[in-house]
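Index from 1, following the sequence.
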Amino acid sequence: MTVFRLSALVAVALALVACGASAAAPIDSGIRGRVTVGPMCPVVQEGVPCPDRPLAATIRIRKPGGKVVATVRSGAEGRFRVRLAAGRYVLEPVSPNAGAPPYAPPVAVRVRAHAFSRISITYDSGIR
């Protein structure tokens, strides 16, 4: 009976270890960013501030080969955060006014394991 109990305990322990090994570890890396739009004044004057403004925008995240792996939206304060595995990505800002300003160019980002890369995306308002 003792050998049977010991065998049963070993079998249960091995099953628990096997289940734990197959479970995916949580992703603890990704990208944090802020999205702004500017310029906001048609004429910039010395001594008169005209800071860029936060922008709520949609950002597509692609692998360098082109496959979209995530889409994220910045909040009213322009901030966003997305969890991604370590690797290289291209962030593709989406124009909120299809075919009209504001525009922003794609941004290449490298995400390192166990860290969040910080980036800034600035849309061009088209104001001159």
Side-chain angles (χ1 to χ4, degrees):
M1 210 38 106
T2 307
V3 173
F4 176 75
R5 285 185 186 163
L6 182 59
S7 296
L9 286 174
V10 169
V12 169
L14 289 174
L16 289 173
V17 168
C19 288
S22 66
I27 297 173
D28 62 350
S29 58
I31 301 170
R32 290 181 192 187
R34 186 156 190 252
V35 181
T36 56
V37 60
M40 298 310 299
C41 304
V43 177
V44 177
Q45 300 173 8
E46 190 174 328
V48 178
C50 185
D52 292 351
R53 293 188 185 151
L55 180 67
T58 300
I59 313 290
R60 278 191 289 265
I61 302 168
R62 298 180 182 273
K63 290 298 267 175
K67 180 182 176 190
V68 174
V69 295
T71 301
V72 65
R73 181 143 176 91
S74 60
E77 292 300 315
R79 298 191 188 286
F80 69 92
R81 182 175 186 227
V82 61
R83 291 181 183 275
L84 296 165
R88 295 185 185 276
Y89 298 91
V90 175
L91 276 62
E92 181 181 272
V94 177
S95 177
N97 304 317
Y103 301 107
V107 177
V109 179
R110 181 176 178 197
V111 174
R112 297 183 190 277
H114 314 296
F116 277 79
S117 299
R118 292 182 181 264
I119 64 142
S120 294
I121 296 174
T122 303
Y123 278 75
D124 183 343
S125 66
I127 297 174
R128 299 287 179 258

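- Pairs of residues two or more places apart, or lying in two chains, that qualify as disulfide (SG to SG under 2.5 Å) and include a residue from residues 50-88 are Cys41-Cys50.
- Between Ser125 and the choices Pro101, Pro42, Pro39, the side chain to side chain contact (heavy atoms under 4.5 Å, CB included) rule is met once, by Pro39.
- There is no path of hydrophobic side-chain contacts, each under 4.5 Å, that joins Ile127 to Ile121.
- For residues 77-128, no pair satisfies disulfide (SG to SG under 2.5 Å), with sequence neighbours left out.
- The two residues Ala76 and Pro54 come nearest to each other via the heavy atoms O-CB, 3.7 Å.
- Sequence neighbours left out, the pairs with a member in residues 25-35 that pass side-chain hydrogen bond (donor to acceptor under 3.5 Å, both in side chains) are Asp28-His114.
- The stretch residues 78-89 participates, sequence neighbours left out, in no side-chain hydrogen bond (donor to acceptor under 3.5 Å, both in side chains) pair at all.
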Counting only pairs under 3.5 Å, give me each side-chain donor-acceptor contact of residues 55-68, with atom names and distances, residues two or more places apart or in other chains.
unit_1	atom_1	unit_2	atom_2	d
Thr58	OG1	Arg73	NH1	3.1
Arg60	NE	Glu92	OE2	2.7
Arg60	NH2	Glu92	OE2	2.9
Arg62	NE	Glu92	OE1	3.1
Arg62	NH1	Gly66	O	2.6
Arg62	NH2	Glu92	OE2	3.4

Side-chain donor-acceptor pairs of residues 103-113 under 3.5 Å, sequence neighbours excluded:
unit_1	atom_1	unit_2	atom_2	d
Tyr103	OH	Gly99	O	2.9
Tyr103	OH	Ala100	N	3.4

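- Taken together through direct or relayed side-chain contacts under 4.5 Å among Ile, Leu, Val, Met, Phe, Trp and Tyr, Val94 and Val37 form parts of separate hydrophobic clusters.
- Taken from CG in Asp52 to OH in Tyr123, the straight-line distance is 13.5 Å, to the nearest 0.5 Å.
- Within the structure, salt bridge (charged side-chain N to carboxylate O under 4.0 Å, His left out) pairs that include any residue of residues 94-103 do not occur (at least two apart or interchain).
- The disulfide (SG to SG under 2.5 Å) pairs that include a residue from residues 90-128 number zero, where partners must be two or more places apart or lie in different chains.
- The two atoms that bring Gly47 and Pro49 nearest to each other are O-CD, 3.6 Å, heavy atoms only.
- Checking Ile31, Val35, Val82, Val72 one by one against Leu91, the side chain to side chain contact (heavy atoms under 4.5 Å, CB included) holds for a single residue, Ile31.
- Residue pairs satisfying the disulfide (SG to SG under 2.5 Å) criterion with at least one member in residues 88-128, sequence neighbours excluded, are absent.
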